[in-house]
Amino acid sequence: MNLRSYLAPLLPGTADYRSLPRTWRGDLVAGVTVGIVALPLALAFGVSSGVGPEAGLVTAIIAGVVAAVFGGSNVQVSGPTGAMVVVLGPIVALHGPGVVPLLSVLAGVFVVAAGVLKIGRIVSYIPWPVIEGFTLGIAVIIFLQQVPAALGTAPGPSSNALVATLQALPTMTLPEAGWAIAITATVMVTMILVPRLSRHLPGSLIAIIIVTIAAAVASLPIDRIGELPSALPAPAIPPVSVELLTALTGPALTVAALAAIESLLSARVAASISDTGPYDADRELVGQGLASVASGVFGGMPATGAIARTAVNVRSGAHTRLAAITHSLILLAVVYLATTAVSQIPLAALAGVLMVTATRMISPSTVRSVISASRSDAIVFVTTAIVTVSFDLIVAVGIGIAGAGFFALRSLAASGGVHREEISEPAELEDAEIAVFRLDGALFFGAADRMMDEINHITNVSVVILRLSQLQVLDATGARVITELVQSLERRNITVLIKGVQDRHIRVATRVGVISSLRHQNHLFTDLPTAIEHARSHVRRGHL
């Protein structure tokens with residue numbers, strides 16, 4: 001395979017727009033709808049991350065277009081997200097907002113590399129309880145991050161959302177706190193009630209318009225977004241130095257991992273709720289990586305696929321990438337035509353939008369399902385959520401996967417067993433000195449010793465037959481334990497016969513020494529009756 005054929009599936013093509021002649025009207029409507037929904041979120045995520053509302057808008061516009069064109073999903077909508085805000089907060093606090101464009105470029109390069117190396121399917125190995133615990137933790141952090149703004153004050157100096165919120169409480173002042181709380185509550189109530197009137201109405205936008213007009217008319221003493229640029233910034237390579245690259249490589253890897261995981265999860269959700277065909281995981285990584293690179297060049301922040309906006313896009317009738325492109329063009333129009341009005345939006349209003357968004361990320365029915373599924377799933381879910389809130393998102397995913405892996409291995413180990421079988425009729429005198437053991441399930445490093453203890457301690461027999469035909473899993477450790485068992489029994493002058501080594505296990509059994517540990521190569525059988533008859537002959541010879 002040459003380089004061109006290797007890279008071709010990762011690049012855009014005319015097939016991306018094959019259905020456009022039939023669906024363009026629906027795509028345009030969906031794009032306008034999701035653009036309206038995305039406006040307050042883009043502003044809010046920019047403010048919450050510490051890089052400013054303009055960075056949120058730039059990211060939604062630039063990354064939204066690039067990811068739509070180059071990504072692997074026909075209906076994915078990309079931009080700033082709550083999870084990314086959670087990761088960026090501590091980085092901005094440590095290095096300052098000026099490093100975010102370079103961080104975005106670095107993270108984007110890492111994500112592109114992951115796509116080119118075609119490791120996109122790795123997200124399918126993340127267990128469901130880990131994903132849900134991760135989502136719950138992110139939702140809690142986003143909500144906590146908005147509490148200071150909802151109280152009309154600044155967050156505390158801590159990088160932990162809970163601690164920063166507690167630090168902010170003593171700094172509240174009146175009447176600013178009262179007005180901020182009222183605005184936040186109004187936005188939240190409006191966002192909850194409007195969809196009940198009509199699910200097609202943009203509740204967040206309506207809520208922001210109401211409180212912005214009220215705050216302007218009453219001249220309320222509250223913080224607002226402030227002046228925004230009336231045009232997109234010119235593209236430029238972010239300032240870079242060896243020291244800065246060294247300091248940002250670790251955070252960039254964290255951001256890249258999060259961008260990849262969240263984007264692929266969002267694309268998977270989109271494929272499950274739409275009829276626009278499957279997504280290409282590797283191409284999606286390439287598209288999302290390029291989106292973050294482009295966003296950084298324009299002074300924006302790292303982008304990911306946005307599950308909520310993607311769901312709105314699908315439910316609004318999107319079928320092709322035109323919808324996501326239109327969403328970005330709507331936001332671009334806001335930059336050039338409505339920055340004066342947008343600058344008057346109270347920060348408390350954006351806090352209300354994100355509080356409701358965070359609450360909607362948590363599905364009570366899903367939480368109940370995970371917790372009630374099994375004790376191990378509940379432990380993994382709760383642990384992932386707690387670590388996410390307390391420490392770090394990527395650490396939480398790592399711990400969650402490790403925990404899920406531990407419980408999965410324990411369950412797999414428990415599925416294996418050793419069973420002594422009676423020799424079928426007609427019985428003969430020699431049968432009293434023959435023991436037949438059936439090994440089934442999994443014989444691997446997590447279960448091998450436990451399964452073999454029963455056989456190794458057997459007494460008063462001359463021949464042991466090991467039935468391996470029902471063994472589903474055999475790794476090198478399991479094969480080594482069988483080898484040592486055979487050698488131990490043979491040293492005790494107990495002949496070992498092996499029956500039914502499966503073809504898929506022959507290689508490991510041969511290389512580790514299971515076959516060579518037998519007293520004779522004729523002690524390997526393919527059927528049980530022949531093995532039993534051979535065992536009886538051994539017992540008879542032993543009595544001569």
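These numbers were taken from a predicted model, which means no experiment stands behind them.
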So, do [X] and [Y] sit near enough that their side-chain heavy atoms are less than 4.5 Å apart?
X      : Y      : value
Val240 : Val105 : no
Ser374 : Asp377 : yes
Ile91  : Leu94  : no
His419 : Gln470 : no
Leu439 : Arg467 : no
Leu497 : Leu466 : no
Arg309 : Asn313 : no
Ile465 : Leu528 : yes

Ignoring hydrogens and geometry, is there a side-chain-to-backbone donor-acceptor pair from [X] to [Y] under 3.5 Å?
X      : Y      : value
Thr59  : Met301 : yes
Thr310 : Val77  : yes
Ser488 : Glu484 : no
Tyr6   : Val116 : yes
His538 : Ala535 : no
Arg321 : Ala68  : yes
Ser390 : Ile386 : yes
Arg283 : Phe70  : yes
Glu262 : Ala260 : no
Gln145 : Ser48  : no

Check: Do Asp280 and Lys118 meet the salt-bridge criterion of a basic N to acidic O distance under 4.0 Å?
Finding: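 So Lys118 does not pair with Asp280 through a salt bridge.
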Next item on the list: Decide side-chain contact (heavy atoms from CB on, under 4.5 Å) for Leu474 and Leu468; before the verdict, give the C-alpha distance in whole Å, the side-chain angles of both, and the deciding distance to 0.1 Å.
Entry: CA-CA 10 Å; Leu474 179 67; Leu468 306 185; 5.7 Å; no
Give the minimum heavy-atom separation between [X] and [Y], together with the two atoms involved.
X      : Y      : result
Gln76  : Ala306 : OE1-N, 4.2 Å
Val418 : Phe437 : CG1-CD2, 3.7 Å
Ala435 : Ile458 : CB-CD1, 3.4 Å

Check: Is a side-chain donor-acceptor pair under 3.5 Å present for Asn74 with Thr320?
Finding: no
Next item on the list: Say whether Thr526 and Lys499, considering side chains only, have a donor N or O and an acceptor N or O under 3.5 Å apart.
Entry: no
Next item on the list: Kindly say whether the aromatic ring centers of His520 and His534 come within a distance under 6.0 Å.
Entry: no
Notebook entry, point to check: Going through the checks in order, is the salt bridge (charged side-chain N to carboxylate O under 4.0 Å, His left out) test met by Glu433 and Arg536?
Noted result: CA-CA 9 Å; Glu433 297 184 39; Arg536 287 168 175 165; over 6 Å; no
Table please: side-chain donor-acceptor pairs of residues 285-293 below 3.5 Å, with sequence neighbours left out.
{"from": "Gln288", "atom 1": "OE1", "to": "Ser78", "atom 2": "OG", "distance (Å)": "3.4"}
{"from": "Gln288", "atom 1": "NE2", "to": "Ser78", "atom 2": "OG", "distance (Å)": "2.7"}
{"from": "Gln288", "atom 1": "NE2", "to": "Glu284", "atom 2": "OE2", "distance (Å)": "2.7"}
{"from": "Ser292", "atom 1": "OG", "to": "Ala303", "atom 2": "N", "distance (Å)": "3.1"}
{"from": "Ser292", "atom 1": "OG", "to": "Ala303", "atom 2": "O", "distance (Å)": "3.4"}

